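Here the structure is laid out as structure tokens; the discussion comes afterwards.
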Amino acid sequence: MELPLNYSEHEAEIKWLKYWEENNVYKFNPDTKKEIYTIDTPPPTVSGKMHIGHAFSFSQQDFVARYKRMAGFELFYPFGTDDNGLATERLIEKLKNVKSKKMDRDEFVKLCLKTLEEIRPDFIFDWKKLGMSCDFDIFYSTIDAHSQRISQESFLKLYNSGRIYRKKSPIIFCPHCKTAIAQVEMEDVEKQSTLNYIKAKAESGEYLIYSTTRPELHPACVGISIDENGDYVTAKRENNELWIISKDAYNTMKEEFPMEIINEYKGKELLGKKVEIAYSLRNFVEINHDISVKTEYGTGIVYYCSYGGLDCVEWLSRHKTIEPLHIMDESGVYTKGKYKDLPSDKAREEVLKDLEADGYLIKKQKMKHFVNVHERCQTDIEYVATEQWFIKYLELKEQFLEAGNKLNWYPNHMKNRYDNWVKGLQWDWCISRQRHFGVPIPVWYDKHGNIVVPKADELPIEPLKNVPKGYSMNDLTPEKDVLDTWATSSLTPTLAADLFKNHPVYKKLYPMNLRPQAHDIITFWLFNTLVKSQLHDKINPWKDVMISGWALDPHGKKMSKSKGNVIEPQEVIKKYSADALRFWAAGSKLGEDLPYQEKDLATGKKMVTKLWNASKLAITNLEDYKGQKPKHLLPIDAWILSKLNNLIKSSTESFEKYEYSKTKQEVEKFFFSTLCDNYLEIIKERLYNPDIHGVDAKVSAQYTLHTSFFSVLKLMAPIMPFITEEIYHLHFIKTEGLKSIHHSEWPKFNAELINEEAEKIGDMAVDIISIVRKFKSTNKISLKEEISTLILAVNEEDEKLLKKAIADIKGVTRAKEIIFDDKDDDSFTRCENFDVKVGIIK
RNA sequence: GGGCUCAUAGUCUAGUGGCUAUGACGUCUCCCUUACACGGAGGAGGUCACCGGUUCGAAUCCGGUUGGGCCCACCA
């Protein structure tokens, strides 16, 4: 056969993509008799292009998928897209130049679905080019009717079982985006702020001094707290005003505000005092104790509002008798009090002006502090009390921790993050969003305000357009809110499995075997999915979770568009091939982050080239080999087969633990060093000269070459699916007749081929060859140059062993003569690992 | 502040108690050899972050320090 000189990775990769698709190589067969291995593939968001982090973690999960397929499983490996979120909404608005808020919701969803149909193929093609072996026909979009039905069904079931409730409750709210946001959508930003010291007159005549960064909330002040065990003082100012502050505050303030202590006491003494707060809707608030108050901060006296922040919310939950004051609505505007109709930033300016004019403000202290902002728009978040839908789960922490214990975590330590998160949960799960685009909450309200839900067989349903059977549009007011995107994406195992709902295979698809994902979303995607399956079925959604790390920039920093250090995987594939990109992704241990280093891609490309070139040698020399077993296996052949079987054993064990990087590393080393550098060089002599060494010696080499090369190809196939497929089709397909190497059986460990004596012979030979190479290198002569005599000073036992491989050693070292001699002198070199000394005569 | 995690040649990385610490890239020297010059052979390059402990023996185990990363909490 005429073999092409070079391997053109781009042509080849496109060729095999088409081939795999046309031949349904990765098609799931629901009627299979094989055991099924199910993967809960993460659905990426069609909000742009695949990024390098995707390429990194999806490659890693694909290694496992391909390994499992070769290990004999039928793969249920779906591919969905998460189209149900703000990101998609923004993308569609941009692409179609529309404003979702100005459109009918149903219409906008339809436009999204239509637009997604247009752009999705290109988007998904990036994943195909990466060599993902999903069955792309097992597809769902988290906004399609199928997903909407399942998501609404989940809502309905949980509602009917009393798990879901609606409550006026403070939620984290973005006044700019005008929606409730999740904890995870916030980020910390350090901002310049002012700590304002303000005085308030107590009923008994003294002034309490407190400090706040949120003065605009004065109208909503509902209480004032101190530390009952802390030290406080009453101090007299020059103008005879009496100030109550903590002793710590007295010490720091006395220079700026000269005063004289007239009384010292514990905070306990202040409890129950009534205080008049400026502009508050409550005339008087009462002093009480709260655990969060520290005497050394500010003045040791804190005012609480509904709601200045999480601390106020928590404070209210500790002081249950105090009624919150709701003064802000969902548009971020004050609805009551002196600053009605102002947004909070304007209100702050006005309040400060008034406080100053009315003599309440005594000090402004510049400070830097962290405020929570919405990550998308960087707007300060607010806490607003609105009607929201919640899934009640706080009392189930123990059950969730228990469920986490039952999962197999790879790597194990990632479970800590999950445990930490569950233990720290303080809120029920808020699942409603005031967005326009999303899965509608299937709820209506009748004229008395009662909640009306549909029957399961009416789903999916759009409440803005339809009503449940037996009602008319006039009877009911629809719920306008939609479900949070996580309420739907927490159902991915069901979204995928339900596509086979009417097939007997259905019951084998859930729970799934594996959830692969990155470590940043353990606390929400992983946790939320587990919550849903626990609530619905009291089981875990999967057996194993495999947690990937992140791709970082070359300096180990996180990639981000704003830093301009983003690497585009499409460009990488163009320059180095998908196999090379995957080879790079295989270089990181599971769960570890990996800096992107261009040189690693060059290494991957080198691996492709080497496989190609070595296969040319192998295939050319296997042309006349008919698969016969050799009469006698030569020691060098037994040597590499023994090494190969050790490799198969450890590679398999590594893959079973999802440690693909170990497999990659071992196979790479075996291939380059053992197979190419040494074995191939050794057997050339036998392959080229059967007239000298005999046909049996050639057949022994051919059998061994075929076995070891083919095995390496299979071991490498999960990581580099393209080049291995190319080589398979050039030759090795003949022995199996399968349509793809990816249908081949993963190499099996054969204990009979483990041969300690042969390993010793081979290892000694390699050491001797290495000494000869070094000799030639230092003497600046070509490796093909002949040497006249090779003298081996060894003990009797090793001499016997070495004599068994003497022809091979002679051939590869190009020694005209090899003699054994027990005498050695200073010119001899000792082998690295054996008590063998080597002398060379040019 | 709490939890987790990491620290190994110029760079990235392997290595969970044992001969001389792994590999790649880079670097230097040599070699155009019938798979490969998109290559091959060989060399140089390391206080395994720091301090202390356990041990016959520590990159590895324990305690502490320093510095990175991630997650969580706090910031009136």
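Here the structure is a predicted model, which means the values were calculated and not measured. Below, chain A is the first sequence line, B the second, and so on; all start at residue 1.
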Query raised in the report: Among residues 410-420 of chain A, which contact RNA chain B at a heavy-atom distance under 4.0 Å?
Result: A:His413, A:Asn416, A:Arg417, A:Asn420
**Report entry** Integer-rounded Å distance: B:rC36 C1' and A:Lys605 NZ
**Finding:** 15 Å
Report summary line: Nucleotide by nucleotide, nucleotides 11-24 of chain B touches protein heavy atoms under 4.0 Å in the pattern (B base, S sugar-phosphate only, - none) BSSSS----B---B
Query raised in the report: If we ignore angles and hydrogens, is there a donor and acceptor under 3.5 Å between the side chains of A:Ser344 and A:Glu382?
Result: yes
Requested in this report: For nucleotides B:rG46 and B:rU34, find the distance between their P atoms and express it as a whole number of Å.
Outcome: 38 Å
Query raised in the report: Does B:rG1 have a Watson-Crick or wobble partner in any strand here, with both distances under 3.5 angstrom, and which is it?
Result: B:rC72
Requested in this report: Under the salt bridge (charged side-chain N to carboxylate O under 4.0 Å, His left out) rule, collect the residues that match up with A:Glu659, sequence neighbours excluded.
Outcome: none
Report task. For B:rG39, give its Watson-Crick or G-U wobble partner with both distances under 3.5 Å, or none. Result -> B:rC31
Query - Rounded distance in Å between the P positions of B:rU5 and B:rC75 - result: 28 Å
Requested in this report: Using a 4.0 Å heavy-atom cut-off across all strands, classify A:Leu195 as base, sugar-phosphate, or nothing.
Outcome: sugar-phosphate
Query raised in the report: Counting any heavy atom closer than 4.0 Å, what does A:Ser770 reach on the DNA or RNA strands: base, sugar-phosphate only, or nothing?
Result: sugar-phosphate
**Report entry** Sidechain-backbone polar pair: A:Ser777 side chain, A:Lys774 backbone, donor-acceptor under 3.5 Å
**Finding:** no
Report task. Would you classify A:Ser211 as touching base, sugar-phosphate or nothing, given that sugar-phosphate means primed atoms plus P, OP1 and OP2, and contacts are heavy atoms under 4.0 Å? Result -> sugar-phosphate
Requested in this report: Starting from C1' on B:rG67, measure out to NZ on A:Lys557 and report it in whole angstrom.
Outcome: 11 Å
Report task. May I ask you to check whether A:His218 and A:Tyr303 place their ring centers less than 6.0 Å from one another? Result -> yes
Requested in this report: Using the P atoms only, state how far B:rU22 lies from B:rC32, rounded to an integer number of Å.
Outcome: 30 Å
Query - Span that lies between the C1' atom of B:rU55 and that of B:rG63, in whole angstrom - result: 16 Å
Query - Pair A:Glu228-A:Asn288, side-chain donor/acceptor within less than 3.5 Å - result: no
Query raised in the report: Looking across every strand, which nucleic acid part, if any, lies under 4.0 Å from A:Cys312 by heavy atom: base, sugar-phosphate, or nothing?
Result: nothing
Report task. Tell me whether the centres of the aromatic rings in A:Phe709 and A:Phe732 are closer together than 6.0 Å. Result -> yes
Query - Spacing of the C1' atoms in B:rU27 and B:rG45 (rounded, Å) - result: 9 Å
Query raised in the report: What integer number of Å spans the C1' atoms of B:rG69 and B:rU54?
Result: 30 Å
Query raised in the report: Once you round it to whole Å, what is the distance between C1' of B:rG1 and CD of A:Glu296?
Result: 14 Å
Report summary line: Between OH of A:Tyr304 and P of B:rC75 the distance, given in whole Å, is 8 Å
Query - Rounded distance in Å - CG (A:Leu590) to P (B:rU5) - result: 15 Å
Requested in this report: Let me know the distance between CG of A:Asn678 and P of B:rU33, rounded to the nearest Å.
Outcome: 21 Å
Query - Which residue lies more 5' along RNA chain B, comparing A:Gly424 with A:Gly298 via nearest heavy atoms - result: A:Gly424
**Report entry** Candidate nucleotides B:rC71, B:rA35, B:rC38, ranked by approach to the side chain of A:Thr523 - the nearest
**Finding:** B:rC71
Requested in this report: Using atom CD1 of A:Ile522 as one end and atom P of B:rG3 as the other, report the distance to the nearest whole Å.
Outcome: 18 Å
Report summary line: Sorted by chain and number, sequence neighbours left out, side-chain hydrogen bond (donor to acceptor under 3.5 Å, both in side chains) with A:Asn229 holds for none
Report task. Please give the nucleotide sitting opposite B:rU60 as a Watson-Crick or G-U wobble pair, both distances under 3.5 Å, or none. Result -> none
Requested in this report: Ignoring backbone atoms, establish whether A:Lys684 has a side-chain N or O less than 4.0 Å from OP1 or OP2 of B:rA35.
Outcome: yes
Query raised in the report: If you look at every strand shown and take non-hydrogen atoms under 4.0 Å, does A:Glu9 touch a base, only sugar-phosphate, or nothing?
Result: nothing
Requested in this report: Can you sort out the partners of A:His693 under side-chain hydrogen bond (donor to acceptor under 3.5 Å, both in side chains), two or more places apart, ordered by chain and number?
Outcome: A:Glu685
**Report entry** Proximity of A:Phe56 and A:Trp584 rings by center, below 6.0 Å
**Finding:** yes
Report task. Please tell me which of the listed nucleotides, B:rA35, B:rG40, B:rG43, lies nearest to the side chain of A:Tyr688? Result -> B:rA35
Report summary line: Which of B:rC36, B:rU29, B:rA41 is nearest the side chain of A:Lys780? It is B:rU29
Query - Nearest to side-chain heavy atoms of A:Lys610, which nucleotide of B:rC75, B:rG42, B:rC36 - result: B:rC36
**Report entry** Pairwise P distance, B:rC61 and B:rC19 [rounded to whole Å]
**Finding:** 16 Å
Query raised in the report: Looking only at atom P, what distance separates B:rG3 and B:rU11, rounded to whole Å?
Result: 31 Å
**Report entry** Interatomic distance where CG belongs to A:Asp677 and C1' belongs to B:rC36 [whole Å]
**Finding:** 12 Å
Query raised in the report: Restricting to pairs with a member in residues 289-308 of chain A, which pass salt bridge (Lys or Arg N to Asp or Glu O under 4.0 Å), not counting sequence neighbours?
Result: A:Asp290-A:Arg318
Query - A:Tyr304 ring center within less than 6.0 Å of A:Trp315 ring center - result: yes
Requested in this report: Please figure out whether A:Lys294 or A:Trp550 has its closest RNA chain B nucleotide nearer the 5' end.
Outcome: A:Trp550
Query raised in the report: So, A:Trp409 versus A:Tyr418, ring centres under 6.0 angstrom or not?
Result: yes
